[in-house]
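Remember, it's 1-based here, ligands and their atoms both numbered in the order they're listed.
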Amino acid sequence: MRIAIVPGSFDPITSGHLDVIRRVSHLFDKIVIGVAVNVAKTPLFSLDERVELAQAAVAELANVTVESFDSLTVEFAVAKDAHAIVRGLRAVSDFEHEFQMAQLNRELNASVETVFVMASPEYAYLSSSAVREIAEYGGVVKSLVPPVVELALQKKIASAKGG
Ligand code: ADP
């Protein structure tokens, strides 16, 4: 069985992530989205919220599941019997960091291959941090995230403002 993991912070999952996940779901038998516990900055959404939103967003994709992980990415891949780590590339600016991580991960475990998927042009500008910022200032995120995330952002911002 060809299994791949798609690791990330998913704070929150966006239409750009979903586009990559949908596209690779046709290439592998099984995809496990790995929501990383270890986020450098304090995330807007808790780990449980990030997992639940990702689960709701991929509910219609039969071969995609969501789990959290608190280990090295390659260790999570091995634990899931995956031979591939899928990462999305939006711009040249993503490249250096991704290249470095892929080399390090290969150093740690050469049997796990990193596979890069180019962002679709309509999502090439999209990031979770941009979505968080737009939502915080009351902007419209409808086309940027699945409906379940749009709702969760509205609730989160309202409760942060005490409303
Ligand atoms: P991380 O904190 O590990 O970068 P993210 O949740 O921000 O986690 O992203 C997870 C993966 O999805 C990364 O490979 C990232 O490059 C990719 N990604 C994020 N946004 C997009 C997008 N709009 N299009 C394609 N790939 C994306």
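Residues E60 and R22 are paired through a salt bridge, judged by an N-O separation under 4.0 Å between the basic side chain and the carboxylate.
Proximity of a side-chain donor or acceptor of R106 to a complementary backbone N or O of S111 within less than 3.5 Å is not detected.
Considering only heavy atoms from C-beta on, V32 comes within 4.5 Å of F76 through its side chain.
Every residue was checked against the side-chain hydrogen bond (donor to acceptor under 3.5 Å, both in side chains) condition with S93, not counting sequence neighbours, and none meets it. Looking at residues two or more places apart in sequence or on another chain, you find no ring pair (Phe, Tyr, Trp, His ring centres under 6.0 Å) involving F116.
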Less than 3.5 Å apart, N/O on ligand 1 and N/O on the protein: could you list those pairs with the distances?
residue: ligand 1; atom: 2 (O); partner: S9; partner atom: OG; Å: 2.5
residue: ligand 1; atom: 3 (O); partner: R87; partner atom: NH1; Å: 3.1
residue: ligand 1; atom: 3 (O); partner: R87; partner atom: NH2; Å: 3.3
residue: ligand 1; atom: 4 (O); partner: R87; partner atom: NH2; Å: 3.4
residue: ligand 1; atom: 6 (O); partner: S9; partner atom: N; Å: 3.1
residue: ligand 1; atom: 6 (O); partner: F10; partner atom: N; Å: 2.9
residue: ligand 1; atom: 6 (O); partner: H17; partner atom: NE2; Å: 3.2
residue: ligand 1; atom: 8 (O); partner: S9; partner atom: N; Å: 3.1
residue: ligand 1; atom: 9 (O); partner: H17; partner atom: NE2; Å: 3.3
residue: ligand 1; atom: 14 (O); partner: R87; partner atom: NE; Å: 3.1
residue: ligand 1; atom: 14 (O); partner: G88; partner atom: N; Å: 2.9
residue: ligand 1; atom: 16 (O); partner: G88; partner atom: O; Å: 2.6
residue: ligand 1; atom: 20 (N); partner: R90; partner atom: NH1; Å: 3.3
residue: ligand 1; atom: 23 (N); partner: Y123; partner atom: O; Å: 2.8
residue: ligand 1; atom: 23 (N); partner: L126; partner atom: O; Å: 2.9

Result block: side-chain N/O donor-acceptor pairs under 3.5 angstrom for residues 61-73, not counting sequence neighbours:
residue: N63; atom: ND2; partner: S25; partner atom: O; Å: 2.9
residue: N63; atom: ND2; partner: F28; partner atom: O; Å: 3.3
residue: N63; atom: ND2; partner: D29; partner atom: O; Å: 3.2
residue: E67; atom: OE1; partner: K80; partner atom: NZ; Å: 2.9
residue: E67; atom: OE2; partner: K80; partner atom: NZ; Å: 3.2

